[in-house]
2 protein chains.
Amino acid sequence: MPSHPESTPAETAAQLRISTYRLVRRLRLQRTDDVSVGQYSVLVSLRAHGALSLGDLAEREHVTAPSMNRTVNCLVDAGLVQRTPDPDDGRRIRVALSEAGERLVDDTDRRRDAWLEARLAELAPDEQRAIARAAALIRGIADR
Amino acid sequence: MPSHPESTPAETAAQLRISTYRLVRRLRLQRTDDVSVGQYSVLVSLRAHGALSLGDLAEREHVTAPSMNRTVNCLVDAGLVQRTPDPDDGRRIRVALSEAGERLVDDTDRRRDAWLEARLAELAPDEQRAIARAAALIRGIADR
DNA sequence: TATTGTTATACTCTATAACTATA
DNA sequence: TATAGTTATAGAGTATAACAATA
C-alpha cells in the first residue's frame, strides 16, 4: 500500500460522515414514486422482519399507532401488504408483505445496486476490496 | 493483507448500500429537534454554497418556491437565517445563514462526528485506514 | 383493568393557482 | 412580456385524545 499521510480518527469520522450522506442522496435518486418515503420504509421493515403487528411496526418506524394505521391502510389499498387478524390474540393484527410489495422493494434494491455496481466496476481491484472491507466494518459500527 | 474470499462488484454494491443506510439511520439519532428535516437541509445547503436566492434554494432542495418561502420564513423567525434584498436585482432576495444557524449545523456535525469517532477509535489501526481510504473513494463515486 | 387497534380532530409540510413587483 | 417572489387554498402525513374490542 502506498504511504498515505495518516488521518486522525476525527478526520476519518468527518470524511466518512460526508461521503455517506452524499452516497445516500445519490442512491435516493433511484427510487419509486409509487409510495411515500414512510410507506416504503414500512415495506423494507416487513421484508427484513417478516409479518408484524401494528404496534410493532409503529415502534420500529418511530411513529404513533394512529399514524401507522393510516399508512397500513394506504399500503393495503395499493395491494402492497396484507392485513389479517392474529390467530392467537384477537386484539392484534398481522401485517405482511404481498407479492407485489416484495417485488417493489426488491426491484428498488436492484436498481440501486445496478447503479452502484457500475460505479464500483470502474475502480481498481484493490480499491474495490478496500470498499468491501470498509462496508463490513461500517455495518459492524452501525449495528452495535 | 490476509487473503479474503473475493467479493463480486454486485456483492460489494449490496453490502455498501446496506451498511450505508444503517449508518445514516444511526447518525440521524444524533440530531437537533430545533428544526424540521427540510429546514435543516436548507441550513446545510447555505453553509455549503453561501447565500442563495429563494428560487435557487427551492431548486436545490427539490421543493416549490411557495414551499421554500414558508420554510425560509420559519428559519427567519427562528433567527437561523437572514433575508435581505438582492442589491443587483430588486425581484430577488438573498438568504444567508446567521451566526446561530451556522452554529446549529456545526454543532450537529460535531455531535455526529464525536459518536462516529468513538466507534472508529475502537477499531484496529489498519481497519481505520481501510475506512479512511474507502470514504475518499465513496465520495468520488457519489460526487460524479 | 390493561392492552391493541381504530376513529375524530388538529397541526405541519408541501403543492397548485393566482397575484404583485421588478426586469 | 417574462421572471422572482408572495399569498390563498388544498392535499398528504403525523400527532393527541377519545373510543371499541379483546385479554
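Just so it is clear, the values below take in all heavy atoms, side chains as well, and ignore hydrogens, waters and symmetry mates. To find a chain, count down the sequence lines: A is the first, B the second, and so on, and within it residues start at 1.
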Kindly state which residues belonging to residues 24-37 of chain A come within less than 4.0 angstrom of DNA chain C, counting heavy atoms of the residue only, listed by number. none
Taking all non-hydrogen atoms of both residues, which atom of A/D86 and which atom of A/D89 are closest, and how far apart? OD1-N, 3.3 Å
Could you go step by step and tell me if A/E61 and A/S41 meet the side-chain hydrogen bond (donor to acceptor under 3.5 Å, both in side chains) rule? CA-CA 8 Å; A/E61 297 295 318; A/S41 182; 2.6 Å; yes
Selection: residues 63-72 of chain A, any non-hydrogen atom under 4.0 Å of DNA chain C: A/A65, A/P66, A/N69
Do A/R119's NZ or CZ and the ring of A/W115 fall within the cation-pi criteria of under 6.0 Å and 45°? yes
Is any side-chain heavy atom of A/L137 less than 4.5 Å from a side-chain heavy atom of B/Q128? no
For B/E61 and C/dC13, give me the distance from atom CD to atom C1', rounded to whole Å. 14 Å
Take a 6.0 Å sphere around CD of B/E59 and say whether it holds more than 12 heavy atoms from other residues, nucleotides or ligands. no
Lys/Arg-Asp/Glu bridge criterion (N-O < 4.0 Å) met for B/R47, B/D109: yes
Taking atom CZ of B/R94 as the centre, does the number of heavy atoms from other residues, nucleotides or ligands within less than 6.0 Å exceed 12? no
Please work out if A/Q39 contacts a base, only the sugar-phosphate, or nothing of the nucleic acid, heavy-atom cut-off 4.0 Å. sugar-phosphate
How about A/R26 and A/Y21: does a side-chain donor come under 3.5 Å of a side-chain acceptor? no
Tell me whether B/I18 is reachable from B/L23 by hopping between hydrophobic residues (I, L, V, M, F, W, Y) whose side-chain heavy atoms are closer than 4.5 Å. no
Here the residues of residues 77-94 of chain B within 4.0 Å heavy-atom distance, strictly under, of DNA chain C are B/D89, B/G90, B/R91
Atom pair distance, as rounded to whole Å: CG in B/L52 and P in D/dA4: 14 Å
Give the rounded distance in Å between these two atoms: CD of B/E59 and P of D/dA4. 10 Å
What is the distance from CG of B/N73 to C1' of C/dT12, rounded to the nearest Å? 15 Å
Mind calculating the distance between CG (A/L75) and P (D/dA12) to the nearest angstrom? 15 Å
With the side chain counted from C-beta on, respond yes when B/R31 and B/V37 share a heavy-atom pair under 4.5 Å apart, and no when they do not. yes
With the 4.5 Å side-chain cut-off for hydrophobic clustering, are B/L16 and B/V24 part of the same group? yes
